[in-house]
**Q** 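Handing you this structure, nothing more for now.
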Amino acid sequence: MFLTHRRPGPGKVVNSRDVCPDTGLVRLSYGQARALLDEHTAIGGPGAGWDLHEFRHSALTHLGQAGASLLMLMAKSRHKKPENLRRYFRPSPEAIAEFTSLLAPGDSGR
């Protein structure tokens, strides 16, 4: 979660889901998070970095490559249809080979 560097003011009404239970810090707004992510990932200047949508889906890709099932990825991302999630999940050739090896363990000669 992207958090601010300070707690909310005394008159500020904040949803409990937007407050870190450990630190009491508040979640950044979408605009603030987008600007920070762009600032820290831009190689070719402002506006050239990642956006939050790419960041979210790269995390899903890494989880998929680590062996998370499609159902777990759907639960994490809150996608309702597998076909909407599939386009973001691209297993590596190594992951496909490892999965395929489950069909004939110990037979690497094929």
Side-chain angles (χ1 to χ4, degrees):
M1 179 168 21
F2 293 95
L3 299 172
T4 63
H5 63 281
R6 57 182 180 221
R7 291 186 168 82
K12 181 81 171 169
V13 177
V14 180
N15 188 321
S16 62
R17 293 182 329 167
D18 293 332
V19 179
C20 175
D22 297 326
T23 63
L25 300 177
V26 182
R27 184 188 316 226
L28 290 174
S29 70
Y30 186 87
Q32 292 168 320
R34 180 174 37 98
L36 281 172
L37 186 62
D38 180 59
E39 177 185 333
H40 292 283
T41 60
I43 295 172
W50 285 19
D51 64 27
L52 289 173
H53 191 78
E54 290 171 331
F55 187 65
R56 174 181 182 226
H57 290 292
S58 71
L60 293 173
T61 299
H62 291 298
L63 288 171
Q65 289 176 344
S69 70
L70 183 59
L71 289 175
M72 288 301 290
L73 293 174
M74 288 176 64
K76 172 76 174 154
S77 66
R78 298 188 191 128
H79 280 91
K80 302 289 185 233
K81 299 178 182 176
E83 58 269 16
N84 294 340
L85 179 63
R86 236 180 261 136
R87 66 180 170 187
Y88 299 109
F89 175 59
R90 296 180 194 93
S92 66
E94 295 82 17
I96 292 171
E98 183 179 334
F99 183 71
T100 303
S101 72
L102 296 174
L103 294 173
D107 185 15
S108 60
R110 290 194 216 195

**Q** Minimum heavy-atom separation for Leu60 to Leu73, with atom names?
**A** O-CD2, 3.7 Å
**Q** When rounded to the nearest 0.5 angstrom, what is the spacing between OG in Ser29 and CD in Gln32?
**A** 3.5 Å
**Q** With side chain to side chain contact (heavy atoms under 4.5 Å, CB included) as the test, pick out the partner of Lys76 among Leu71, Leu63, Leu85.
**A** Leu63
**Q** Where is the tightest heavy-atom contact between Arg27 and Arg17, given as atom of each residue plus distance?
**A**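 Scanning both residues completely, I find the closest heavy atoms to be NH2-O, 2.9 Å.
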